[in-house]
Amino acid sequence: MSENFHDIEKKMQRFWDERGIFKTNPNPKKKYFILDMFPYPSGDLHIGHSRNYTIGDTVTRFKKIRGFDVLHTFGWDAFGLPAENAAIIHKIHPEAWTKENIEISKKHLKELGIAFDWDAETTTCDPDFYRWNQYFFIKFYERGLAYRKESYVNWCPNCQTVLANEQVKDGHCWRSTCGSAIEKRKLTQWYFKITDYTQQLLDGLKELKHWPEPVKIMQENWIGRSEGVEVNFKLEDGTVVPIFTTRPDTLFGVTFMALAPDAVLAETISKGTEYEKKVKDYIAEALKKPEIERAGTETEKTGVFTGKYAINPLNNERIPVYIADFVLASYGTGMIMAVPGHDQRDFEFANKYKIPIKVVINPSETKLKVDLMDKAYIDEGVMTNSGQFDGMNNIQGIEKVTDYLESKGLGKRTVNYRLKDWLISRQRYWGTPIPMIHCPKCGIVPVPLDDLPVLLPKNITDYVPKGKSVLAGVPEFINTTCPVCGGKAERDPDTMDTFVDSSWYFLRYTDPKNDKMPFDPKRTNQWMPIDEYVGGIEHATGHLIYFRFFTRVLHDMGMLKCSEPCDILHTHGMVKLDGITMSSSKRHGVWLGDFLKEHGADVCKLAVLFAAPPEKEIDWTNEMVTGVSRFLSRIKALYENTTPNFDLPKSVIANITMQSPEQNLYIRLNQTIKKVIDDSERIQYNTAIAALMEFLNDLTGFENKENPVYKYSLGIMIRLLAPFAPHISEYLWLKYSGKEHSVFEETLPEPDTSALSFTSITIPIQIQGKLRSKIDVSVDTSEQDIKSQALADEKVKKWIEGKKIKQIIYVPNRLVNIVTSLPENNIDK
RNA sequence: GCCGGGAUGGCGGAAUUUGGUAGACGCAAGGGACUUAAAAUCCCUCGUUCUUUAACGGACAUGCCGGUUCAAUUCCGGCUCCCGGCACCA
């Protein structure tokens, strides 16, 4: 083998390209849609990226060689802040910067030899793509799923834009390079009404049989369904103030009410009273605090008395109303009933502001004394001080009190969710313009569909964020005419969250060139749902909820048959270097370009697959390369000495003699085929590769290199190895098979099931569950024979001497366990 | 705090689906062969420990403590530690 791996890899990549073997079949018979989470184009790729694409590549090649029509293509999540920041720093247009990065990344991916159909490549900052974001926005608007409202929103002071809830991590900006503390601002913004689909998104999780359980649990928690009661309290002036509670059994213990500082009522409740100024100052102070300071559980709760009282509908008690920073405006009704005796938060607040505490539930054995309580009692117990409910178990009490409230019209059963509507406006330049027009006469008017796309203007020089969209300062973009009345009007200056792009990009993959619609349902429904989706776990509660939401809306619009986008989800672990996740933006990693130069693509693929099972994290070390690199060299050496055979005549199989080395080899071959297929189906590629290494050891140890079984094994080995080390496998295939077509146009052989087990096996013998000996028997030996052989074994005899055999357990083909006891006359000694 | 996941040799990891020979495969390490030498390659050893001339011998060993079982890394109960998610959600 005179050619080095660079030449081989280049040649094979050209061969696949020219033959177009990974081009999408427009009329698939056995479809298989494999999707990698598309990346932000960050330029230089590192080993962490290659792990994601290598997994997808291996799935693709494995499915292809098993006879599927695969769809596996690629795209770029090309809008977003880094391009804009680069523009500010380097004075280069975001588009130029983005395109340049795409070229670099693409070059690396091609050198890695990932099996993509590049003809279907999709880039979200192309008008051909983003016009359909605008199309969907208008369609959502028509269905009441896109709306504008004013409220307090997450504001990143560094990025100078709002963020969705999913983009706030620990009260800080989600972007790893930003991380600023998030503030609250009152703004009018566009939202997608994902809350119309909350229950569907929750119920749909049950259909996702092949999603990792942790991801489903995370989504379930994120959605946060909780059942309770909305109880109507009244202020003394008669204003009804509903509150949500899951603990109606504690209603008799309410000693104060609390209102969120950003709740609507908070602004007006003290108006015209002596409390007005104090309350106003408090609200201003509370909202100025960064989210993290206000929301942390460790932070001391604060509040202010409003001067108003509410009436408890159950016992008509008069209770003070506070404004308190621990109450969230966005959950329930923005107001709570507080039961300090049985809620820890209320307990702390009550202690601080000297509000009385009332016990309404006692533990079954004792009675609580308020003076002695150092924390709220939140466990199960017996109701007390609760009128007609006294003596009742409080769990039953929840139902009974609720029934009572409903029967008196004082409240009703309600379900609340933690999930909020999806805020999609961004005050930034590099994104999809929101296709809405603000007309002084007609109000908000969508851009007519025929006028799409609303192009993002390119002649911008100043990207520095000023707290409002860059586009607001571009008159030739902003000024337009109203499509309804024809009068002067203005375009919406905001752009869309890039999670809109990633919510449907995979659908575009199925019909990438369509210029009449985002995709033709006839084509797309042939491929949907996605069969396997490979990506990082960090998208569990963001993207992976959004794309389910989009799928359901498009299903309701009649564009998609499926209501869930994806059958199997694989979340792979991060690749770290020195304990820190590899990152392009932080320039921390092992760079793919350098790696490929030194080791080549096949070694890169094998190394990341062999290092650990896909879901685990990898802490990268250079030693991970050595083993697989040796493995490939040893493989090559095999074929230098012997020419493989691709067929094994029946006559040869028939002549294989029992217990011969060639019989053993034939059995090992078929065991390997089975193991590689089984492991690959559940993407346990590390053990599939280990099986190939074991078989290589068998081949190396086999003496007669001209034996037909040996030569046939070499032929099979090429195909088994192909999904993991595609370049070298293709090279060997083309060199020795005499065929013109690719190894990936072959089919993987199925194991010869008659040759999966050896004719003789070793049975371990245990005494009292401890391994004491082993015997070799032929597979058809009867249980009786095996037991007597076991008892006749020399070592076994020594162990059972002088003991009584109580029982002999035989697990077919697995083991024998002899249970003994001391003879009667020995027991007393 | 709540919800997940995990803990196996010097290291990455197998075996956990269905309880049945714990440590596959690889790395590192040690020894040897080849070589003027090195690299590469090949062969052998490789959980701990005890007895021993020697082990194809015994004991111990899958985070810790208990339980179920003929048999537990696997099942059950109780802990410890690590990682991830959520974090005043009423």
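Fair warning: this is a prediction, and the values are worked out from it, not measured in the lab. Chain A is the first sequence line, chain B the second, and so forth, proteins listed ahead of strands; every chain is numbered from 1. Excluded from the calculations below are hydrogen atoms, water molecules and symmetry mates; all remaining heavy atoms, backbone and side chain alike, are included.
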Quiz item: Where does B/rG9 fall, syn or anti, if syn means a chi angle no more than 90° from 0?
Solution: syn
Quiz item: Mapping A/Gly334 and A/Thr700 onto RNA chain B by nearest heavy atom, which one lands closer to the 5' end?
Solution: A/Thr700
Quiz item: Under 3.5 Å, side chain of A/Thr198 to main-chain N/O of A/Thr195, donor-acceptor pair present?
Solution: yes
Quiz prompt | Integer angstrom distance from the P of B/rA61 to that of B/rG23 | solution = 16 Å
Quiz prompt | Integer-rounded Å distance: B/rU21 C1' and A/Asp776 CG | solution = 13 Å
Quiz item: For B/rC86, does OP1 or OP2 lie under 4.0 Å from any side-chain N or O of A/Lys169?
Solution: yes
Taking N or O atoms only and anything under 3.5 Å, show me the protein contacts with nucleotides 24-29 of chain B, one pair per line.
residue, atom, partner, partner atom, Å
B/rA24, O2', A/Glu694, OE1, 3.4
B/rA24, O2', A/Glu694, OE2, 3.1
B/rG26, OP1, A/Asn697, ND2, 3.4
B/rC27, OP1, A/Arg630, NH1, 2.6

Self-check item: Span that lies between the P atom of B/rG57 and that of B/rA22, in whole angstrom
Solution: 14 Å
Exercise. Kindly check if the number of other-residue, nucleotide or ligand heavy atoms within 6.0 Å of NZ (A/Lys234) is above 12?
Key: no
Exercise. Verify the ring-centre separation between A/Tyr546 and A/Trp422: is it less than 6.0 angstrom?
Key: yes
Quiz item: Think A/Ser633 has a side-chain N or O under 4.0 angstrom from the OP1 or OP2 of B/rA40?
Solution: no
Self-check item: Nucleotide B/rC3, atom C1' - distance to CD1 of A/Ile537 in whole Å
Solution: 13 Å
Self-check item: Gap between atoms NZ and C1', on A/Lys184 and B/rC88 respectively (whole Å)
Solution: 14 Å
Self-check item: More than 12 heavy atoms of other groups within 6.0 Å of A/Lys412 NZ
Solution: no
Self-check item: Between C1' of B/rU21 and CG of A/Asn813, the distance in whole Å
Solution: 14 Å
Quiz prompt | A/His342 (side chain) donor-acceptor with A/Thr250 (main chain) under 3.5 angstrom | solution = no
Quiz prompt | Spacing between A/Asp170 atom CG and B/rG84 atom P, to the nearest angstrom | solution = 11 Å
Exercise. State which residues pass side-chain hydrogen bond (donor to acceptor under 3.5 Å, both in side chains) with A/Glu227; sequence neighbours excluded, sorted by chain then number.
Key: A/Arg225
Quiz item: How far, in whole Å, is B/rU18 from B/rG85 if one measures between their C1' atoms?
Solution: 32 Å
Exercise. Please state how far atom OH in A/Tyr331 lies from atom P in B/rC88, giving the value in whole angstrom units.
Key: 12 Å
Self-check item: Donor-acceptor contact present, side-chain A/Thr58 to main-chain A/Thr54, <3.5 Å
Solution: yes
Quiz item: How far, in whole Å, is B/rC75 from B/rG6 if one measures between their P atoms?
Solution: 10 Å
Quiz item: Under the 3.5 angstrom rule, does the side chain of A/Gln671 hit a backbone N or O of A/Leu756 as a donor-acceptor pair?
Solution: yes
Quiz item: Is the backbone N or O of A/Val676 less than 3.5 Å from a side-chain atom of A/Glu681, with the two atoms forming a donor-acceptor pair by type?
Solution: no
Quiz prompt | Ring geometry between A/Phe349 and A/Phe256 (parallel below 30°, tilted from 30 to 60°, perpendicular above 60°) | solution = parallel
Quiz prompt | C1'-based separation of B/rU62 from B/rU21 [nearest Å] | solution = 15 Å
Exercise. Considering only atom P, compute the distance from B/rU17 to B/rU74 and round it to an integer number of Å.
Key: 11 Å
Quiz prompt | Comparing A/Ser330 and A/Ile618 on RNA chain B - which has the more 5′ nearest nucleotide | solution = A/Ile618
Quiz prompt | Minimum-distance nucleotide (side-chain atoms of A/Phe244 versus B/rC86, B/rA90, B/rC3) | solution = B/rA90
Self-check item: Interatomic distance where CD1 belongs to A/Ile223 and C1' belongs to B/rA87 [whole Å]
Solution: 18 Å
Exercise. Using the C1' atom on both, measure B/rU52 against B/rC44 and round to a whole Å.
Key: 23 Å
Practice problem: Would you mind telling me which of B/rG5, B/rC3, B/rC86 lies closest to the side-chain atoms of A/Ile217? | Solution: B/rC3
Exercise. Mind checking A/Arg814 for me? I need base, sugar-phosphate or nothing, with any heavy atom below 4.0 Å counting as a touch.
Key: sugar-phosphate
Practice problem: May I have the distance from A/Leu259 (atom CG) to B/rA90 (atom C1'), rounded to whole angstrom? | Solution: 14 Å
Quiz prompt | Pairing string, 5' to 3', for RNA chain B - Watson-Crick or wobble contacts under 3.5 Å, brackets [ ] where pairs cross, | to another strand | solution = (((((((..(((.......[....))).(((((.......))))).((((......))))..(((((..]....))))))))))))....
Quiz item: Would you find more than 12 non-hydrogen atoms of other residues, nucleotides or ligands less than 6.0 Å from A/Lys674 atom NZ?
Solution: no
Quiz item: Contact class for A/Leu815 vs. all strands (heavy atom < 4.0 Å): base, sugar-phosphate, or nothing?
Solution: base
Self-check item: All pairs passing side chain to side chain donor-acceptor pair (under 3.5 Å) where residues 687-699 of chain A contributes a residue, at least two apart
Solution: A/Arg634-A/Asn697, A/Arg668-A/Asp698, A/Asp679-A/Thr687
Show each protein N/O and nucleotides 57-63 of chain B N/O combination with a separation under 3.5 Å, one pair to a line.
residue, atom, partner, partner atom, Å
B/rA59, OP1, A/Arg772, NH2, 3.1
B/rA59, OP2, A/Arg772, NH1, 3.1
B/rC60, OP2, A/Lys770, NZ, 2.9

Self-check item: A/Ile378 atom CD1, over 12 foreign heavy atoms within 6.0 Å
Solution: no
Quiz prompt | Polar side-chain atom of A/Lys169 near backbone of A/Arg175 as donor-acceptor pair, under 3.5 Å | solution = no
Quiz item: Roughly how far apart, to the nearest Å, are B/rA59 and B/rG5 at atom C1'?
Solution: 35 Å
Practice problem: Give a yes or no on whether A/Asn622 atom CG has more than 12 heavy-atom contacts from other residues, nucleotides or ligands under 6.0 Å away. | Solution: no
Exercise. Would you classify A/Val327 as touching base, sugar-phosphate or nothing, given that sugar-phosphate means primed atoms plus P, OP1 and OP2, and contacts are heavy atoms under 4.0 Å?
Key: base
Using the 3.5 Å cut-off, write out each protein N or O paired with an N or O of nucleotides 65-75 of chain B and the distance between them.
residue, atom, partner, partner atom, Å
B/rC70, O2', A/Asn817, ND2, 3.4
B/rC70, O2, A/Asn817, ND2, 2.4

Quiz item: Does NZ in A/Lys705 sit with more than 12 non-hydrogen atoms of other residues, nucleotides or ligands closer than 6.0 Å?
Solution: yes
